**Student:** 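I have a structure here, written as structure tokens, and I will follow up with some questions on it.
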Amino acid sequence: MQNRNFALDPRYFQMLFQAIFLCYGIFYLGWNADYLHYIISIGACLFFNYFFESIKQKRFLSVTGRSGFNLWCFSVLISALSLCLLFKTNHWYVSLLAAFLTVSSKYIFRFGRKHIFNPSAFGIIATIYFTKDAWLSPSQWGSNAVIFFTATTLGVIVVTRVQKLDVSLA
């Protein structure tokens, strides 16, 4: 597998921006941080992704690669942080279900090498639909225009780095 340069991989930017938004929500906007939900979402997404990727490759994967961090973790960490930012529930097992549905959708709903659905969006919507014990809370972000322009700017940076601006605009 080819070694990637830290500065050139746009997934680092995306994870960094998501972590910044999560910290902004907890420390500045005063969210009631549900740390159990965060731990379950991130841990379960990593576990389920490791499980499905091991099945796909028909062998157990190394947790660390030559670069110290395997590339199979990037996409799932982005999905897990999306669950932390957007998904709300009062039950730990609903967080676990959302993580399972998010990761399994990455392996089930594919066309070629691409996802048909955004894995996080699928996991969130499916969990809300099937359990009725979960929800989205768009009002958690407030009505501050600064956060809107910051999120838009950082989002444009990420999609241009990934070279998917055309998809985002469409």
Side-chain angles (χ1 to χ4, degrees), residues 1-50 53 63-65 67-89 95 98-103 105-106 109 113-128 134-170:
M1 182 147 337
Q2 148 184 5
N3 191 4
R4 295 184 180 211
N5 186 347
F6 174 82
L8 298 179
D9 196 325
R11 294 174 295 186
Y12 283 111
F13 291 105
Q14 188 171 359
M15 287 186 293
L16 175 66
F17 296 154
Q18 286 177 309
I20 289 170
F21 289 140
L22 187 60
C23 291
Y24 176 81
I26 293 169
F27 298 115
Y28 183 75
L29 295 177
W31 293 353
N32 290 331
D34 186 358
Y35 294 110
L36 180 61
H37 166 63
Y38 302 153
I39 291 168
I40 289 173
S41 295
I42 294 169
C45 280
L46 287 169
F47 171 78
F48 290 131
N49 195 75
Y50 176 83
E53 193 64 30
V63 176
T64 59
S67 65
F69 189 75
N70 248 332
L71 297 176
W72 64 266
C73 293
F74 283 125
S75 175
V76 75
L77 280 174
I78 291 167
S79 297
L81 285 168
S82 296
L83 289 177
C84 293
L85 284 167
L86 302 171
F87 185 72
K88 303 295 177 206
T89 184
S95 294
F100 175 77
L101 292 172
T102 295
V103 175
S105 74
K106 291 174 52 173
F109 303 118
R113 299 187 70 193
K114 303 250 183 206
H115 307 296
I116 295 173
F117 302 110
N118 176 301
S120 303
F122 177 84
I124 290 169
I125 298 303
T127 305
I128 290 171
W135 64 94
L136 295 173
S137 182
S139 63
Q140 71 184 355
W141 295 100
S143 60
N144 192 342
V146 173
I147 187 72
F148 171 76
F149 289 115
T150 303
T152 302
T153 302
L154 295 177
V156 167
I157 291 169
V158 168
V159 296
T160 54
R161 299 281 302 186
V162 179
Q163 299 175 351
K164 298 284 184 188
L165 187 59
D166 56 337
V167 174
S168 298
L169 292 175

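Because the structure is a prediction, the values reported are computed rather than measured. All residue numbers in this chain count up from 1 along the given sequence.
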**Student:** How far does CD1 of I42 sit from OG of S95, to the nearest 0.5 angstrom?
**Tutor:** 11.0 Å

**Student:** CG of L136 to CG of L85: how many Å apart, nearest 0.5 Å?
**Tutor:** 11.5 Å

**Student:** Pick one: which of I78, L81, L83 meets side-chain contact (heavy atoms from CB on, under 4.5 Å) with C45?
**Tutor:** L83

**Student:** Which residues pass the side chain to side chain contact (heavy atoms under 4.5 Å, CB included) test with I20, sequence neighbours left out?
**Tutor:** L16, F17

**Student:** Which residues satisfy the side chain to side chain contact (heavy atoms under 4.5 Å, CB included) test with A126, sequence neighbours excluded?
**Tutor:** L101, F122, F130

**Student:** Test of understanding: with side chain to side chain contact (heavy atoms under 4.5 Å, CB included), list the residues that count as partners of L36, not counting sequence neighbours.
**Tutor:** D34, I40, W92

**Student:** For W135, check ring pair (Phe, Tyr, Trp, His ring centres under 6.0 Å) against everything at least two apart and list the hits.
**Tutor:** none

**Student:** What residues form a side-chain hydrogen bond (donor to acceptor under 3.5 Å, both in side chains) with S82, not counting sequence neighbours?
**Tutor:** Q18

**Student:** Can you sort out the partners of S41 under side-chain hydrogen bond (donor to acceptor under 3.5 Å, both in side chains), two or more places apart, ordered by chain and number?
**Tutor:** H37

**Student:** Out of curiosity, S105 OG to F100 CZ, how far, rounded to the nearest 0.5 Å?
**Tutor:** 10.0 Å

**Student:** I need the F87 CZ to I125 CD1 distance, nearest 0.5 Å.
**Tutor:** 10.0 Å

**Student:** Got a second to check how far K106's NZ is from S75's OG, nearest 0.5 Å?
**Tutor:** 3.5 Å

**Student:** Using the test ring pair (Phe, Tyr, Trp, His ring centres under 6.0 Å), find all partners of F47 that sit at least two apart in sequence or belong to another chain.
**Tutor:** none

**Student:** If we only count heavy atoms from C-beta on, is the L46 to C73 side-chain gap below 4.5 Å?
**Tutor:** yes

**Student:** Got a second to check how far I128's CD1 is from K88's NZ, nearest 0.5 Å?
**Tutor:** 11.5 Å

**Student:** For T102 versus G123, what's the shortest heavy-atom pair and its separation?
**Tutor:** OG1-CA, 3.4 Å

**Student:** If the condition is side chain to side chain contact (heavy atoms under 4.5 Å, CB included), which residues does Y38 pass it with, not counting sequence neighbours?
**Tutor:** L22, I26, W31, A33, Y35, C84

